[in-house]
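Okay, so here's the structure we're looking at.
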Amino acid sequence: MSEFVIEPPKPVTLPVQGSGGLFPVRRVYCIGRNYAAHAVEMGHDPDKEPPFFFQKNPDNLVVTKEFPYPAKSEDVHFEAELAVALKSGGTNIPVGQALEHVYGYGVALDMTRRDLQGVAKKMGRPWEIGKAFEKSAPITPLVPAQDTGSMNSGTIKLTLNGGLRQDGDLNQMIWKIPEMISYLSEYFELAAGDVILTGTPAGVGAVEKGDRMVVTVDGLPSLEVTVV
Ligand code: MN
């Protein structure tokens with residue numbers, strides 16, 4: 001007989017492109033305002049202040065072609081992001097060793113109930129209600145780092161119904177991937193299975209049911225999602 005007193009939840013996993021293998025997800029960290037032009041469009045100073053992070057739930061990551069328009073919002077935004085998946089972790093990881101902990105990369109959307117996030121910001125409340133809802137992070141299968149090479153630069157784009165809406169370059173990140181890993185590891189113990197969403201370039205905007213989003217990052221599979 002199982003020692004579980006209720007049925008345990010299924011582990012959250014992401015497929016690895018071309019391998020049939022599965023990457024188990026432990027935690028999801030997301031950085032805010034990591035591209036200067038996006039910080040400006042959200043009404044903030046783009047100077048390099050210390051980064052800040054929020055979390056989504058592991059099971060918010062879903063490999064899917066459909067994003068269900070969430071309840072309780074009338075202003076749901078797309079944010080195209082590069083996802084970094086860790087194969088190991090620790091605390092106080094030096095910047096120079098941070099990339100040794102990366103398993104691979106994926107393309108993700110940090111879908112956001114912007115109206116609820118806006119209320120939370122204004123009232124000094126946590127962001128989960130705007131960020132960490134069901135299926136809020138569509139993502140592609142992961143590609144191992146040995147197959148992608150460094151992801152320091154390369155285009156990151158989002159089209160909405162075929163129109164270009166976000167058009168950035170990974171080299172525009174204010175906090176680079178090794179710096180993000182190092183910084184996070186000073187505050188949290190990072191571990192295998194952690195996923196970091198690395199922020200979005202300028203051009204975020206609202207979606208409606210029926211809209212089709214396509215996110216592309218150089219060297220990775222494209223993420224194609226329809227709002228239903
Ligand atoms: Mn984001």
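Atom set for the values below is all heavy atoms of this structure, side chains included, hydrogens, waters and symmetry mates excluded. Counting starts at 1 for both ligands and their atoms, following the listed order.
With Thr155 as reference, Asp218 is the one residue of Asp169, Thr216, Asp218 to meet the side chain to side chain donor-acceptor pair (under 3.5 Å) rule.
For the pair Asn60 (side chain) and Ala137 (backbone), a donor-acceptor distance under 3.5 Å is absent.
Closest to the Mn ion (ligand 1) among the N, O or S atoms of Asp110 is OD2. Taking the N/O/S atoms of Glu81 in turn, the shortest distance to the Mn ion (ligand 1) belongs to OE2. The minimum distance between the Mn ion (ligand 1) and any N, O or S atom of Glu79 involves atom OE1.
Across Phe23 and Asp194, no two heavy atoms sit closer than the pair CZ-O, 4.3 Å.
The local environment of NZ in Lys121 is crowded, with over 12 non-hydrogen atoms from other residues, nucleotides or ligands closer than 6.0 Å.
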